[in-house]
Amino acid sequence: MAQDPSSGAESPRRRSGLLRDQISHLSFANNWSLRSFRTSRPCLSQEGSIIKAGNKQDKTTFIACNKITKENLLISHSPAVQQDSLPPLVSALKASAEQDVASFHFPGHNRGRAAPSSLAQLIGIRPFLHDLPELPELDNLFSPDGPILDAQREAAKLFGSSETWFLVGGTTCGVQAAIMATCSPGEFLILPRNSHISAISGMVLSGAQPKYIIPQYDFNWAIAGGVTSSTVEQAIKELEMEGQKPAAVFITSPTYHGICSNLSEISQLCHSYRIPMIVDEAHGAHLGFHPQLPKSALQQGADLAVQSIHKVLCSLTQSSMLHMSGNMVDGERICRCLQTLQSSSPSYLLLASLDAARAQLSENQHTIFNKAMELTFEAKCLIKEMPGISVLDFDSFSNLSTIDPLRLTLGFWELGLSGYEADEVLCRDHGVICELVGPRSITFAINLGTSRDHIQRLISGIKHLLGTTAPIQADEGRVEHSVCTPFADIKMSMIPRDAFFASKKKVSAGESLGKVCGELICPYPPGIPVMIPGEVITDKAWDYLLDAKSKGAVIIGASDPSLSSIVVCNV
């Protein structure tokens, strides 16, 4: 980490006599900016110095920088934003990037002076200007006492948590930290078998033992539903009969398809047993911010909730937040886990994007989703009138608590099409790109950037499908349950951690049946594992994987993507 040159002996910054005037001019309100501010000048001047540096490089680099600077000149003509009106971390990053300094710190592109020309032509110089390391004025993610702390506190206020942590390793990192913070080696974690792979890796890291619960499964959609409080209670009582108590309960809500569990009931149950409830809310950072949206996990009593702010909200990809409510979980233990899991060189672009997304939502949190909700309602009304197209709704699952209205999941089996086939036509012929493709359906994510033109193109594409494909008999569109049950006959021989570190060997697919799986294999997306290290390999698991692969799913985690062989444990 770069050291503040103001520490130690008297520095040129203190001797200059200019610092006080510049601080007064910028009217920084926070103490952290006063003690670590560096001499600055307008950003445009710094860009000019970058152009000069480009003269010493190859001609391509110079041309790229010159074009980018013209774009930046246009940007600079827009009305100036007052420094103190920006979110705290965005403000700190802006001020730091505008300093006129001789940089002898990482990263190596040196504030864009050596930015790779190919990428600079694509995204411009500005991202490089703001790609800064842990400079004193930018605070430290693992011991925040300045703009990061301020930004996290603002997020906690908005989302209703007692404490919030910014994540640069995605929700995966937050899920792992939540499991590690609540489960010690050998302790039990109750979780649905269709949890994301991050929960499995969390058990590998923590040494927790899984107590799986099986969600309701709709065979026609080939989609797993939510979890009920009764299934959680049954798992708790089964462990009690064995003389065990779960260290935590882990729930995914909403699922990738937007299916929400009744978290209020589950949290009341968990708290009656003094068990913390963790919620993987990767797809639900927007929940609770519109009257027609389901309540958020924190609003329903979650102790820990992990959200991908980059999914429906507008931060940069890979940025997430971990929220804690109440005192059932040790916050200091969470800090230690995050320090173990997160990069010691976090991206301030990612961190600032979290702060900016929070500010964007704060400005009009009660109306920001009005347009998206209106467009979703229009789309669903139009599609439901189309013969041969099914829309996922409450009728599909008897135990469904609610569903995220901003997820639109469509089935095409009455047209004789798989989700993969329908997606290929929509993407190739109409430029309609979905979020998730499955063997029986396609899921579209409506967000703040969705326009009426997008909805019209989607409707036009579906009408094209209807015009070129005749509906078939309903029975012909159904699939055999035996092929479409990914969680049938689960038998665990070893806990994930032991299987992960066990001695292994590779065997043919035929030889693997009945052996203990040594790798984590799942169709992606959505990243729900069909085979988990430590589980006994079954015919039905293989059938499901082969069926998914034949329909176009990408199989991840397997050492042999063709699935002709598999890694098993030597037990």
Hey, are the side chains of [X] and [Y] touching, using non-hydrogen atoms and a 4.5 Å cut-off?
X: Phe412; Y: Arg440; result: no
X: Leu191; Y: Ile213; result: no
X: Phe444; Y: Leu436; result: no
X: Cys434; Y: Thr443; result: no
X: Pro294; Y: Pro405; result: yes
X: Thr182; Y: Glu187; result: no
X: Leu167; Y: Val306; result: yes
X: Leu448; Y: Phe369; result: yes

When you measure from the side chain of [X] to the backbone N and O of [Y], does any donor-acceptor pair fall under 3.5 Å?
X: Gln152; Y: Leu149; result: no
X: Asp139; Y: Gly146; result: yes
X: Ser441; Y: Val437; result: no
X: His257; Y: Ile259; result: no

Assess, by modelled atom type and distance only, whether the side chains of [X] and [Y] contain a donor and an acceptor separated by less than 3.5 Å.
X: Thr450; Y: Asn447; value: yes
X: Ser345; Y: Ser343; value: no
X: Ser418; Y: Trp413; value: no
X: His271; Y: Asp303; value: yes

Atom pairs and distances, side-chain donor-acceptor, residues 242-249, under 3.5 Å, sequence neighbours left out:
unit_1: Lys245; atom_1: NZ; unit_2: Tyr273; atom_2: O; d: 3.1

Apply side-chain hydrogen bond (donor to acceptor under 3.5 Å, both in side chains) to Ser362 and list each qualifying residue two or more places apart in sequence or on a separate chain. none
Please report the interatomic distance [atom1]([X]) to [atom2]([Y]), rounded to the nearest 0.5 Å.
X: Leu392; Y: Lys380; atom1: CG; atom2: NZ; value: 8.5 Å
X: Thr228; Y: Ile266; atom1: OG1; atom2: CD1; value: 7.0 Å
X: Ser195; Y: Met203; atom1: OG; atom2: CE; value: 7.5 Å
X: Leu141; Y: Leu89; atom1: CG; atom2: CG; value: 9.5 Å
X: Cys427; Y: Ile433; atom1: SG; atom2: CD1; value: 5.0 Å
X: Leu287; Y: Leu293; atom1: CG; atom2: CG; value: 6.0 Å

Quick test of your reading of the model: are [X] and [Y] salt-bridged, counting only N-O distances below 4.0 Å?
X: Lys157; Y: Glu154; answer: yes
X: Lys515; Y: Glu511; answer: no
X: Arg358; Y: Asp355; answer: yes

Verdict with supporting geometry, Met321 and Leu354, side-chain contact (heavy atoms from CB on, under 4.5 Å): CA-CA 8 Å; Met321 293 184 192; Leu354 288 170; 4.1 Å; yes
Enumerate the side chain to side chain donor-acceptor pair (under 3.5 Å) contacts for [range], please, sequence neighbours excluded, ordered by first and then second residue.
range: residues 307-332; answer: Thr164-His323, Thr171-Ser308, Thr171-Ser320, Glu281-Gln307, Gln307-His323, Ser315-Ser319
range: residues 201-212; answer: Gln176-Ser201, Lys211-Glu238
range: residues 496-506; answer: Ser503-Asn570

Using side-chain contact (heavy atoms from CB on, under 4.5 Å), reason through Ile490 and Ile214 one step at a time and then give a plain yes or no. CA-CA 10 Å; Ile490 291 175; Ile214 307 300; 4.1 Å; yes
Closest contact, heavy atoms only, [X] versus [Y]:
X: Ala305; Y: Ala297; result: CB-CB, 4.1 Å
X: Gln342; Y: Cys173; result: CG-SG, 3.4 Å
X: Met277; Y: Leu263; result: CE-O, 3.9 Å
X: Leu341; Y: Ala177; result: CD1-N, 3.5 Å
X: Cys569; Y: Ala502; result: SG-CB, 4.2 Å
X: Ala302; Y: Val279; result: CB-CG2, 3.7 Å

Hey, mind stepping through Ile278 and Val175 against side-chain contact (heavy atoms from CB on, under 4.5 Å) and telling me if it holds? CA-CA 8 Å; Ile278 306 167; Val175 165; over 6 Å; no
Return a table of donor-acceptor pairs under 3.5 angstrom between the side chains of residues 555-565 and protein atoms on other chains or two or more places apart.
unit_1: Ser559; atom_1: OG; unit_2: Glu519; atom_2: OE1; d: 3.3
unit_1: Asp560; atom_1: OD1; unit_2: Ser562; atom_2: N; d: 3.1
unit_1: Asp560; atom_1: OD1; unit_2: Ser562; atom_2: OG; d: 2.6
unit_1: Asp560; atom_1: OD2; unit_2: Ser562; atom_2: OG; d: 3.2
unit_1: Asp560; atom_1: OD2; unit_2: Ser564; atom_2: N; d: 3.4
unit_1: Asp560; atom_1: OD2; unit_2: Ser564; atom_2: OG; d: 2.6
unit_1: Asp560; atom_1: OD2; unit_2: Ser565; atom_2: N; d: 3.1
unit_1: Asp560; atom_1: OD2; unit_2: Ser565; atom_2: OG; d: 2.9
unit_1: Ser562; atom_1: OG; unit_2: Ser564; atom_2: N; d: 3.4
unit_1: Ser562; atom_1: OG; unit_2: Ser564; atom_2: OG; d: 3.0

Can you check side-chain hydrogen bond (donor to acceptor under 3.5 Å, both in side chains) on Trp542 and Ser512, steps first, answer last? CA-CA 10 Å; Trp542 266 117; Ser512 70; 3.0 Å; yes
For [X], is the [atom1] atom crowded, meaning more than 12 foreign heavy atoms sit under 6.0 Å from it?
X: Arg333; atom1: CZ; answer: yes
X: Lys295; atom1: NZ; answer: no
X: Phe142; atom1: CZ; answer: yes

In sequence, state the C-alpha distance, the side-chain angles, and the governing distance for Met531 and Leu545, and then conclude on side-chain contact (heavy atoms from CB on, under 4.5 Å). CA-CA 9 Å; Met531 294 185 185; Leu545 280 174; 3.6 Å; yes
Geometric class of the Phe159/Phe289 ring pair [parallel <30°, tilted 30-60°, perpendicular >60°]: perpendicular
Run the ring-centre check on Tyr348 versus Phe166 and record whether the distance is less than 6.0 Å. no
